[in-house]
**Q** 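Submitted below is the structure of interest, expressed as structure tokens.
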Amino acid sequence: MIRTPPRPAGRTSLRLAPALCLAALAGCAAAPAHRTAGAGDERADCVEVFRRIDAAVDRAGTGDGMSARVAGFPYLRVDRFLASHAAEPMPDAAFAQWMRRMAALGAQAHAIEIGNLPSDEADRLAQELRELSPRRASPRDAAADCAARLARLDEAAPERRAALREAAVVPDDYSTALRIAGLYWLTRVPFAAGVRRWQEETRAVFARPLAALPVRGTLRVYVPPPGSATPARIGEIVRRAADNPLGIPDARGEDLEALYRAYAPVIEIDTAGDFDLPGELGWGASATPELVTRRPVVYRRVSHARYGGRVLLQLDYSIWFAERPKAAGWDLLGGRLDGVLWRVTLAPDGAPWLFDTMHLCGCYHQFFPAARARARPQPETLEETAFVPQSLPAVGVAERVAVRLASATHYVERVRVGRAPAAGIEYAFADDDTLRSRPLPGGGRRSVFRPDGIVPGSERAERYFFWPMGIVEPGAMRQWGRHATAFVGRRHFDDPRLMERYFSMLPPGADERP
């Protein structure tokens, strides 16, 4: 089933939205004591506010597809990580934090959706909400006010808390209907053979000596902005960030910046044409997203994995290219825009435990375990499990991981660990969430993603042949949270239990490989 994308509320900046929501929830006890309407009237009024906001977003097509709606709770959004807590025992403090994090996702999504409305739709929405309540100055204020009111009512009602646990689910990004129509149980057999063939070809590439890898053009080396930290500081940052009721490492500000810089990869790209130059994604003269500058940019975000009773911090880095050029002849895989994501999963002490990568279509998912990761035995099955083309030694903060990309296909061909290069082209960092609201040349803003999370214009011809595997628009670039990464089986890049399913963690010091 394909997830119904979220809807909007609140015209506020991307960075302030979560803070506004948390502030509103924290201050909900200060709601006016003189209000005479009952809780039912208050709830109905606010549900109508969000209904009007959703209707405006639907008309304009500005829905944001990153996190899922929560049925019956219009001010909340949920991702797979938060949904993984829904059935677990949570004391009041943990439940409140869980709910606040969903409220922050909701506030951010609503801010983006309303901020991306065309001016006429924004004005129409503002007028509709003023008619409901003249004291509300803007859609943003109406959304923030109603989010606080509904949160106060829901958190105080045991039946609403129970309903929230049931409703906090994220539908997967596979279509069962497509699989039925495509006779999946039969067609998966040749697809599985194709996956194994690609894995064998990839292993052959990784088996070559580094010097034997082909270079079609010039090998360009991109390095992160300078920054380093001692292992002690990294460990302290991660431990301090996890000091909260849910134990979620939630580094902010200078601490998060230190982590990003400490583990940002060096990226080596065989550059044979403009299609191998990374750049800044946005809106230009075209009706579809494009690279608006060739300034090398790495987009970054934080995610989380779960391992046993712990929550692990993940650092995600992605780059975009103008295209994957079509090869001579019949090429199903080439097309406009291409991107690669590199992820670092940290152990509780802040040391890298595991690396993995995918293209931003959800394709070519590969794992690179560091010294403290051990592969778990997997069942014999046609379904895709963890593909490991290379294992890595222990990675300290004094070393850099260098990721080598091929020309045109941008396939990962090698990962190296060593000292940072003495010279290179310094890339800039950008927040991955900025892609959800980019300026338009003629004014206004728009996400580079459709409401279903797909980048328009990045479709590939493979969609005409690969659809029986149940992935809508296979090969198209996608938004975070919308990456199905297996043709055979069901697997999502943001599944918080993914790493634990495939790998076990050794304690510090027990990193001698057999």
**Q** Check whether any side-chain N or O of Arg372 sits under 3.5 Å from a backbone N or O of Leu506 as a donor-acceptor pair, and report yes or no.
**A** yes

**Q** Roughly how far apart are Glu384 CD and Arg490 CZ, rounded to 0.5 Å?
**A** 13.5 Å

**Q** Are Met99 and Leu164 close enough, and set up right, to give a side-chain contact (heavy atoms from CB on, under 4.5 Å), and what steps lead you there?
**A** CA-CA 9 Å; Met99 192 170 172; Leu164 177 55; 4.1 Å; yes

**Q** Taking atom types as modelled, find out whether Tyr75 and Asp154 have a side-chain donor-acceptor pair closer than 3.5 angstrom.
**A** yes

**Q** To the nearest 0.5 Å, what is the distance between CD1 (Ile234) and CG (Leu346)?
**A** 8.0 Å

**Q** Apply side-chain contact (heavy atoms from CB on, under 4.5 Å) to Val78 and Leu76, showing your working.
**A** CA-CA 7 Å; Val78 65; Leu76 302 180; over 6 Å; no

**Q** Quick check: are there more than 12 heavy atoms from other residues, nucleotides or ligands sitting under 6.0 Å from CD of Glu166?
**A** no

**Q** Would a 4.5 Å heavy-atom cut-off, applied to side chains only, mark Trp342 and Phe368 as touching?
**A** yes

**Q** With side chains defined as the heavy atoms from C-beta onward, is the minimum distance between Tyr174 and Ile471 less than 4.5 Å?
**A** yes

**Q** Could you check if a side-chain atom of Arg336 sits within less than 4.5 angstrom of a side-chain atom of Thr288, using non-hydrogen atoms only?
**A** yes

**Q** So if I apply the side chain to side chain contact (heavy atoms under 4.5 Å, CB included) rule between Asp356 and each of Met499, Gln366, Gln314, which one comes out positive?
**A** Met499

**Q** Kindly compute the distance separating NE2 (His483) from NE2 (His492), expressed to the nearest 0.5 Å.
**A** 11.0 Å

**Q** Determine, step by step, whether Arg446 and Thr62 satisfy the side-chain hydrogen bond (donor to acceptor under 3.5 Å, both in side chains) criterion, reporting the C-alpha distance in whole Å, the side-chain angles of both residues, the deciding distance to 0.1 Å, and the verdict.
**A** CA-CA 7 Å; Arg446 186 188 303 168; Thr62 61; over 6 Å; no

**Q** Measuring only between side-chain heavy atoms, which start at C-beta, is Asp255 closer than 4.5 Å to Arg233?
**A** yes

**Q** Report the C-alpha separation of Leu405 and Val412 in whole Å, then their side-chain angles, then the decisive distance to 0.1 Å, and conclude whether the side-chain contact (heavy atoms from CB on, under 4.5 Å) test is met.
**A** CA-CA 5 Å; Leu405 303 184; Val412 176; 3.7 Å; yes

**Q** Should Glu200 and Arg196 count as an ion pair when the cut-off is N to O under 4.0 Å?
**A** no

**Q** Could you tell me whether a side-chain N or O of Asp173 sits under 3.5 Å from a main-chain N or O of Ala484, the two making a donor and an acceptor?
**A** no

**Q** Could you tell me if the side chain of Arg491 sits less than 4.5 Å from the side chain of Leu498, heavy atoms only?
**A** yes

**Q** If you define the side chain from C-beta out and look only at heavy atoms, does anything of Arg450 sit under 4.5 Å from Glu473?
**A** yes

**Q** Measuring only between side-chain heavy atoms, which start at C-beta, is Val340 closer than 4.5 Å to Leu360?
**A** no

**Q** Mind checking salt bridge (Lys or Arg N to Asp or Glu O under 4.0 Å) for Arg501 and listing every partner two or more places apart, or none if nothing turns up?
**A** Asp495

**Q** Pair Tyr411, Tyr364 - check ring-ring contact (aromatic ring centres under 6.0 Å, His included), show working.
**A** CA-CA 8 Å; Tyr411 290 155; Tyr364 315 120; 4.9 Å; yes

**Q** Would Arg497 and Tyr502 count as a cation-pi pair here, with the cationic atom under 6.0 angstrom from the ring centre and within 45° of the axis?
**A** no

**Q** Do Phe275 and His410 make the cut of ring centroids closer than 6.0 angstrom?
**A** no

**Q** May I ask you to say whether Glu257 pairs ionically with Arg300, meaning some side-chain N is under 4.0 Å from a carboxylate O?
**A** yes

**Q** Would you compute the distance between atom CG of Leu354 and atom CG of Leu312 and round it to the nearest 0.5 angstrom?
**A** 9.5 Å

**Q** Is it the case that Asn116 and Ser437 place a side-chain donor and acceptor less than 3.5 Å from each other?
**A** yes

**Q** Between the side chains of Gln108 and Asp64, does any donor sit under 3.5 Å from an acceptor?
**A** no

**Q** Is any side-chain heavy atom of Phe503 closer than 4.5 Å to a side-chain heavy atom of Arg374?
**A** no

**Q** Does the ring-ring contact (aromatic ring centres under 6.0 Å, His included) test come out yes or no for Phe355 and Phe367, once each step is laid out?
**A** CA-CA 6 Å; Phe355 302 88; Phe367 295 83; over 10 Å; no

**Q** Apply side chain to side chain contact (heavy atoms under 4.5 Å, CB included) to Glu268 and list each qualifying residue two or more places apart in sequence or on a separate chain.
**A** Leu219, Val221, Val266, Ala402, Arg404, Arg416

**Q** Does Gln378 form a side-chain hydrogen bond (donor to acceptor under 3.5 Å, both in side chains) with Thr385? I'd like the steps, not just the answer.
**A** CA-CA 7 Å; Gln378 298 296 313; Thr385 57; 5.2 Å; no

**Q** So with a 6.0 Å cut-off around CD of Glu254, is the heavy-atom count from everything else above 12?
**A** no

**Q** Treating Asp276 as the side-chain partner and Ala408 as the backbone partner, does any N or O pair qualify as donor plus acceptor under 3.5 Å?
**A** yes

